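Some notes on the structure that comes next.
Just so we're on the same page: letters track the sequence lines, and every chain starts at 1. Keep in mind it's a predicted model, so treat the numbers as computed, not measured.
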Amino acid sequence: MAGGPKALPSTGPHSLRDMPHPLAGSSSEEAVGGDSTPSPDLLMARSFGDKDLILPNGGTPAGTSSPASSSSLLNRLQLDDDIDGETRDLFVIVDDPKKHVCTMETYITYRITTKSTRVEFDLPEYSVRRRYQDFDWLRSKLEESQPTHLIPPLPEKFVVKGVVDRFSEEFVETRRKALDKFLKRITDHPVLSFNEHFNVFLTAKDLNAYKKQGIALLTRMGESVKHVTGGYKLRTRPLEFAAIGDYLDTFALKLGTIDRIAQRIIKEEIEYLVELREYGPVYSTWSALEGELAEPLEGVSACIGNCSTALEELTDDMTEDFLPVLREYILYSDSMKSVLKKRDQVQAEYEAKLEAVALRKEDRPKVPADVEKCQDRMECFNADLKADMERWQNNKRQDFRQLLMGMADKNIQYYEKCLMAWESIIPLLQEKQEAK
Amino acid sequence: MEQAPRDPERQLQPAPLEPLGCPDAGLGAAVGKEAAGAGEEDSGVDTMTHNNFWLKKIEISVSEAEKRTGRNAMNMQETYTAYLIETRSVEHTDGQSVLTDSLWRRYSEFELLRNYLLVYYPHIVVPPLPEKRAEFVWHKLSADNMDPDFVERRRIGLENFLLRIASHPILCRDKIFYLFLTQEGNWKETVNETGFQLKRRFTDLKHYSDELQSVISHLLRVRARVADRLYGVYKVHGNYGRVFSEWSAIEKEMGDGLQSAGHHMDVYASSIDDILEDEEHYADQLKEYLFYAEALRAVCRKHELMQYDLEMAAQDLASKKQQCEELATGTVRTFSLKGMTTKLFGQETPEQREARIKVLEEQINEGEQQLKSKNLEGREFVKNAWADIERFKEQKNRDLKEALISYAVMQISMCKKWGLTVLPRLILNSWAQAVLPPWPPKLLRL
């Protein structure tokens, strides 16, 4: 199945089953034994085959590099780690944003397509339209009904009108991607994906009617946690949860810093772009004065123009793909910290009640039912949270790998575009003037 | 390069100005005499009077247009339109006009006349010609140069052109213009003999050096700003280094990958210094030609000075010759102090006159010698200057191409370094290994 380097596959993760081993390269005797993973340099040398990717310093200007070489490699590395792909029985997609103009307001709806073989779904396929506030409603319902679980974040609700155009293509697309991610995260969750509200969200023709009914289908857990009275102060957080709390604090802090730096970079790049857009045309002006140099100078002007466009695309990608994910994870961390706090409260209540019982020094050997309930609650919460944390860590790794590699890939594409532009004018500069 | 001189007075001189009424003028001697008769003191000085005479006395019309065929410079058949120019002098006694000259000219000759005027009267707003090709055509209007309507409109435009020149106080006195109206054959050769095309070359060169200087300094200014901004972009990336490193400290599986990313950012940020230093070499190469433009200008200036010197000498000579002739014939047309005093204080004696004539003749001889040598000098200068300018052009084209190539090569190696080497290696070495879980063996393909 591994042939030569293929044409650029479409972006997005591919199932491992559909792809040749990404590092298999062009030669077929890739004896990558099943016992050990080859060393990176070996892999790299093999995978690029006869394409001289590892260039000596100051390689010849003659274009030997194929523009597809680096980024197609990375595309192949965008793996879908979904090992349980075989067992997935629920697929949800958010797409097709549409603008609705009504007398009172203007808003966007998105199409939600669901395919499932689960018994909880009457039909194998559903297609509904939802707007942001429906998503918001879903999220609160999930928080309410599944308080022991980590609920994925939604993209920011409020945008300052006048600063951001709520109906611009870029904004809508960024939002759509985030909403899609939101639903996919829920879909992947073994507990949340079976939530009744989620089911209704995906399937109901008229969601508003359902909302109005105020059917609070709380799970047992939800019900019980709901009644946890606040006011109990936890003395010490257990080590493992303290570690999680510390981790999330630092994590959110670092992401915040990265976000600020990224914004600064974008700002600097935009200012650089402004100057580039003036720089290129001066070569054109010069070209108009010259005879033999006219074509080369015009070529340089066009080349700089192409590089400017490539940079603009890179900057847009950073804004549209990189920044939103950072912000998403910051929001995620915040909501996770509140869940931790809730867990603390459950534990605090339990410990307080336990203490109260101990202090009463009654000779009832049996622990009262309500204390038992508290313990139960706490242990379930701890278990759910631990499981969710592990799942979250795995997903986070995947998301950030994809994010960082994606950004690196975009950068590579930028350099490839610039490279092509500059290489194309070398022959122009070297050519001898024929007698005109 | 340039033709052998025929007439020192015509070679490398400004537009030969012939005061009206001069024996050489030939245009309606009657007219000249009229002008002279009007007042001896002021003829030759009062341009307004001449102007009015010119307009009053002469009528110019482009009366007909005719399609012709002929062979062009490359010996190919071509079709063109010829226009009939008629000049009439009006007898101011009875208002009747008499045809004095008529000849046929084609559009390219009008162009030649105008180009000549542009070079020799750079300070004058020279009237424009009607359009060469039909532009600004609306839907139904024909764009064909042979179209009768176009030709008709052009005829009117050409007539207008000639009338504007004739009514211009300075341009109307130009000899080449006069010849255009009167000398059908050989006129082109006459114009070319003025060497105006050569003069234009120097004028063009001066413009070129001015514009080169302007464009290169603009380029250098913007490049500096670009470099400044690029520096900013690279340096801000350096801020990533620390935060990625700190982040990596709290991560387990991702730690190495993030550490690598941070390190990469530091390397990236520090690479800008070398990049910009290399670019400075390119800037220096451009600067050299910025200063070269100044040197070009110096050559043009020298040429201008020599020209001016030559013109002054020629004018001086012409004026002396005239004086001499007037003294000899007894007619006084040019204004001279002696003439004035003669009027006021009585005629001079024949002996006095003879003496003056002798002096003038000596001066004229000297002047002619000087003019000859100045001309020679001028021609030598032009020949050598132009040869060197051609050499300079070749050198400039070579050098600048080299500079652009090395600039491009610089950019290319930078793109290759980051895009094809560092980044992919970073991804494969750090992230593919560190961030991914180990390859599930069952999914490895062979």
Side-chain angles (χ1 to χ4, degrees), chain A residues 1-2 16 20-21 24 30-32 34 37 40 43-44 53-55 58-59 61 65 70 73-74 77 81 83 247 250-251 254 257-258 261 264-265 268-269 271-272 275-276 278-279 282 285-286 289 292-293 296 300 397 400-401 404-405 408 411-412 415-416 418-419 422-423 425-426 429-430, chain B residues 208 211-212 215-216 218-219 222-223 225-226 228-230 232-233 236-237 239-240 243-244 246-247 250 253-254 257 261 393 396-397 400-401 404-405 407-409 411-413 415-421 423-429 431-433 435-441 443-446:
Chain A
M1 196 179 184
L16 271 175
H21 190 293
E30 291 307 294
V32 183
T37 346
L43 276 174
M44 213 168 118
L53 216 70
I54 308 162
L55 296 165
S65 58
S70 295
L73 176 76
L74 289 166
L77 283 173
D81 278 47
I83 318 270
Y247 171 82
T250 313
F251 178 68
K254 295 307 150 194
T257 308
I258 291 175
I261 296 172
R264 178 86 188 278
I265 288 178
E268 295 284 337
E269 280 178 355
E271 295 188 350
Y272 171 59
E275 301 299 345
L276 270 188
E278 191 182 327
Y279 184 51
V282 182
T285 308
W286 187 357
L289 303 173
E292 196 181 316
L293 288 179
V300 172
R397 261 197 299 279
F400 275 98
R401 173 180 33 106
L404 293 173
M405 278 171 58
N411 272 277
I412 290 176
Y415 286 113
E416 284 176 346
C418 292
L419 184 66
W422 285 106
E423 281 183 337
I425 65 156
I426 295 279
L429 291 169
Q430 287 173 332
Chain B
Y208 171 76
E211 298 197 337
L212 186 71
V215 86
I216 294 185
H218 187 197
L219 192 68
V222 183
R223 195 209 70 88
R225 289 207 303 266
V226 166
D228 204 27
R229 289 293 174 204
L230 189 64
V233 170
V236 178
H237 274 86
N239 294 341
Y240 271 150
V243 67
F244 269 93
E246 290 168 356
W247 181 10
I250 59 168
E253 284 91 347
M254 273 171 72
K393 274 192 204 159
K396 177 201 74 175
N397 288 340
L400 289 174
K401 271 192 188 172
L404 289 173
I405 289 175
Y407 186 61
V409 167
Q411 308 296 325
I412 286 169
S413 80
C415 290
K416 281 187 172 173
K417 175 170 153 197
W418 295 111
L420 298 187
T421 313
L423 279 174
R425 190 177 282 149
L426 171 74
I427 290 159
L428 282 173
N429 286 357
W431 294 338
Q433 296 306 306
V435 179
L436 268 182
W439 297 114
L443 290 165
L444 279 177
R445 290 275 183 274
L446 291 176

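- In terms of heavy-atom proximity, B/Val222 sits nearest to A/Glu275 at CG1-O, 3.8 Å.
- The distance from the CH2 atom of B/Trp418 to the CG atom of A/Asn411 is 10.5 Å, given to the nearest 0.5 Å.
- In this structure, B/Trp247 CH2 and A/Thr257 OG1 are separated by 11.0 Å, a value rounded to the nearest 0.5 Å.
- To the nearest 0.5 angstrom, B/His218 atom NE2 is 7.5 Å from A/Thr285 atom OG1.
- Using modelled atom types and a 3.5 Å distance limit, the side chains of B/His237 and A/Glu268 yield no donor-acceptor pair.
- For the set B/Leu219, B/Val233, B/Leu404, B/Val215, the count of heavy-atom pairs under 4.5 angstrom toward chain A peaks at B/Leu219.
- Residue-environment remark: CZ (B/Arg223) exceeds the threshold of 12 foreign heavy atoms within 6.0 Å.
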Let me see the working for B/Asp228 and A/Tyr272 under side chain to side chain contact (heavy atoms under 4.5 Å, CB included), right down to the final yes or no.
-> CA-CA 8 Å; B/Asp228 204 27; A/Tyr272 171 59; over 6 Å; no
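- When A/Leu276, A/Ile265, A/Ile425 are compared by the number of non-hydrogen pairs under 4.5 Å with chain B, A/Ile265 comes out ahead.
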Any chance you could lay out the salt bridge (Lys or Arg N to Asp or Glu O under 4.0 Å) test for B/Arg225 and A/Glu278, step after step, and finish with the verdict?
-> CA-CA 10 Å; B/Arg225 289 207 303 266; A/Glu278 191 182 327; 2.9 Å; yes
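- Put simply, CH2 on A/Trp422 and CD1 on B/Ile412 are 8.5 Å apart, with the number rounded to the nearest 0.5 Å.
- Of all non-hydrogen atoms in B/Ile405 and A/Ile426, the two that sit nearest each other are O-CD1, 4.3 Å.
- Under the 4.0 Å criterion applied to side-chain N and carboxylate O atoms, A/Glu423 and B/Lys416 are assigned as salt-bridge partners.
- Listed here is the closest heavy atom pair of A/Ile261 and B/Val243: CD1-CG1, 4.0 Å.
- Across all their heavy atoms, A/Phe251 and B/Ile250 have their closest contact at N-CD1, 3.7 Å.
- For the atom pair CD (A/Glu292) and NZ (B/Lys401), the distance works out to 4.0 Å, reported to the nearest 0.5 Å.
- With chain A as the partner, the residue from B/Leu400, B/Val236, B/Ile216 showing the most heavy-atom pairs under 4.5 Å is B/Val236.
- In terms of heavy atoms, A/Ile412 sits closest to B/Gly419 at CG2-O, 3.4 Å.
- Taking CG of A/Leu293 as the reference point, atom NZ of B/Lys396 lies at 5.5 Å (rounded to 0.5 Å).
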